[in-house]
Amino acid sequence: MNPQEPWPADAEEATALQSRLRRSVTRTGPAAHEIQRLAGLDVTYSKNDDRLIAAVVVLDAATLEVQDVVVHEDRPRFPYLPGLFSFRELPPLLAALEKLDHLPDLLMCDGHGLAHPRRFGLACHLGVTTRIPTIGVAKQALIGEYAEPGPRRGDRSPLTDKGEVLGTVLRTADHVKPVFVSIGHMISLEDACQVTLNSTPRYRISEPIRLADQASRRTLKSRQSHPTG
DNA sequence: GCGACAG
DNA sequence: ATCTTGTCGC
């Protein structure tokens with residue numbers, strides 16, 4: 001974890017920490033063509049007990065070939081509260097990242113970045129903490145207004161709040177619900193959309209995140225108590 | 001006050 | 001998010 005920053009004890013402290021950390025988010029970083037290794041991150045929770053599995057899947061950015069998969073079992077240390085999602089998922093995701101032999105060039109996470117009430121969603125928190133370029137790709141909006149984008153893959157429309165552009169509502173496949181792309185850290189919104197499209201060749205959800213979701217679910221399922229007799 | 005509310 | 005199989009459609 002980030003030893004420089006005290007971990008918040010409650011929602012009020014967490015909110016204050018977000019407002020402070022948001023200032024370190026940047027919109028520039030490596031050019032898109034310099035990104036060779038993409039990582040998708042996701043967390044699956046057990047309903048039976050209080051365990052969770054965080055997963056990171058690393059893919060070759062050009063071929064989308066899987067290069068590495070790591071998982072980490074943990075327990076939630078913070079409740080789920082809209083707007084404070086990162087305090088729940090950041091600790092297990094960082095622990096999983098530490099299991100990688102080589103850090104990836106870019107992180108894609110299941111949630112928002114700047115498209116957040118205080119402009120500091122999970123993707124921003126993950127990027128600022130790791131100092132790795134990060135993109136947020138969410139399945140649902142948390143804040144903002146938008147027009148329905150066109151029906152085809154690549155069609156998009158801006159996600160805005162009080163005139164401020166927070167992200168892009170991006171159609172990743174024909175006639176499928178769009179996803180919500182926003183900057184996490186060290187990348188432009190345009191590059192974030194390009195990387196998202198490039199890593200989403202077939203399904204609605206980008207391949208790195210989709211595979212991380214599968215890995216975390218598979219792992220949790222395989223570790224559930226198997227009833228005998 | 002009411003509704004909305006990433007995963 | 002979690003529980004949960006098949007089934008309809010491209």
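Residue numbers begin at 1 in each chain, while the letters A, B, ... track the order of the sequences.
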Counting only heavy atoms from other residues, nucleotides and ligands, does the tally under 6.0 Å from CZ of Arg202(A) exceed 12? no
Between dA1(C) (C1') and Asp213(A) (CG): distance, integer Å: 10 Å
Could you tell me the separation between the CG atom of Leu142(A) and the C1' atom of dA1(C), rounded to a whole number of Å? 15 Å
Is a donor on one side and an acceptor on the other found under 3.5 Å between the side chain of Thr200(A) and the backbone of Ile205(A)? no
Dot-bracket line, read 5' to 3' along DNA chain C, where crossing pairs take [ ] and | marks a partner on another strand, Watson-Crick or G-U under 3.5 Å: ..........
Between the protein and nucleotides 7-10 of chain C, list the N/O to N/O atom pairs that are separated by less than 3.5 angstrom.
none

Of Asp101(A), Leu100(A), Leu38(A), which meets side chain to side chain contact (heavy atoms under 4.5 Å, CB included) against Val58(A)? Leu100(A)
Expected output check: what is the dot-bracket annotation of DNA chain B, where ( ) and [ ] are pairs inside the strand (brackets for crossing ones), | is paired with another strand, and pairs are Watson-Crick or G-U under 3.5 Å? .......
Determine whether Tyr80(A) and Glu89(A) satisfy the following criterion, side chain to side chain donor-acceptor pair (under 3.5 Å), listing intermediate values before the conclusion. CA-CA 9 Å; Tyr80(A) 169 72; Glu89(A) 299 218 336; over 6 Å; no
If a pair satisfies side chain to side chain donor-acceptor pair (under 3.5 Å) and one of its residues is in residues 162-171 of chain A, list it, with sequence neighbours excluded. Arg119(A)-Glu164(A), Glu148(A)-Arg171(A)
According to side-chain contact (heavy atoms from CB on, under 4.5 Å), who are the partners of Ser188(A), at least two apart in sequence or on a separate chain? Glu190(A), Asp191(A)
Flag yes if more than 12 heavy atoms outside Glu145(A) fall under 6.0 Å of its CD atom; otherwise flag no. no
Check every strand shown and say whether Ala115(A) touches a base, only sugar-phosphate, or nothing at a heavy-atom separation below 4.0 Å. nothing
When the distance from CD of Glu89(A) to P of dA1(C) is rounded to whole Å, what number comes out? 10 Å
Residues in side-chain contact (heavy atoms from CB on, under 4.5 Å) contact with Val66(A), at least two apart in sequence or another chain: Val57(A), Leu59(A), Val69(A), Leu211(A)
Extract all donor-acceptor atom pairs below 3.5 Å that involve side chains of residues 103-115 of chain A and protein atoms in other chains or at least two apart in sequence.
from, atom 1, to, atom 2, distance (Å)
Asp105(A), OD2, Gln36(A), N, 3.0
Asp105(A), OD2, Arg37(A), N, 2.9
Asp110(A), OD1, Lys139(A), NZ, 2.9
Asp110(A), OD2, Lys139(A), NZ, 3.2
His112(A), NE2, Gln140(A), O, 2.7
His112(A), NE2, Leu142(A), N, 3.4

Within the distance-only criterion (no hydrogens, no angle test), does the side chain of Arg204(A) pair as donor or acceptor with the backbone N or O of Pro178(A) below 3.5 angstrom? yes
Chain A footprint on DNA chain B, 5' to 3' - any atom under 4.0 Å from a heavy atom: dC5(B) to dG7(B)
Which residues in residues 39-58 of chain A have a heavy atom closer than 4.0 Å to any atom of DNA chain C? Thr44(A), Tyr45(A), Lys47(A)
Report the distance from atom CG of Leu84(A) to atom P of dA1(C), rounded to the nearest whole Å. 19 Å
Does Gly136(A) reach a base, just sugar-phosphate, or nothing at all? Heavy atoms under 4.0 Å. nothing
Quick one: list whatever passes ring-ring contact (aromatic ring centres under 6.0 Å, His included) with Phe87(A), sequence neighbours left out. Trp7(A), Phe78(A), His125(A)
So which residues get pulled into Leu220(A)'s cluster when ILVMFWY side chains under 4.5 Å apart are joined, directly or through others? Ile53(A), Val71(A)
Is the backbone N or O of Ser206(A) less than 3.5 Å from a side-chain atom of Ser199(A), with the two atoms forming a donor-acceptor pair by type? no
Measuring only between side-chain heavy atoms, which start at C-beta, is Arg22(A) closer than 4.5 Å to Cys124(A)? no
My understanding is that only residues two or more places apart in sequence, or in another chain, count here; which of them pass salt bridge (Lys or Arg N to Asp or Glu O under 4.0 Å) with Arg153(A)? none
What is the distance, rounded to the nearest whole Å, between atom CZ of Phe78(A) and atom C1' of dA1(C)? 17 Å
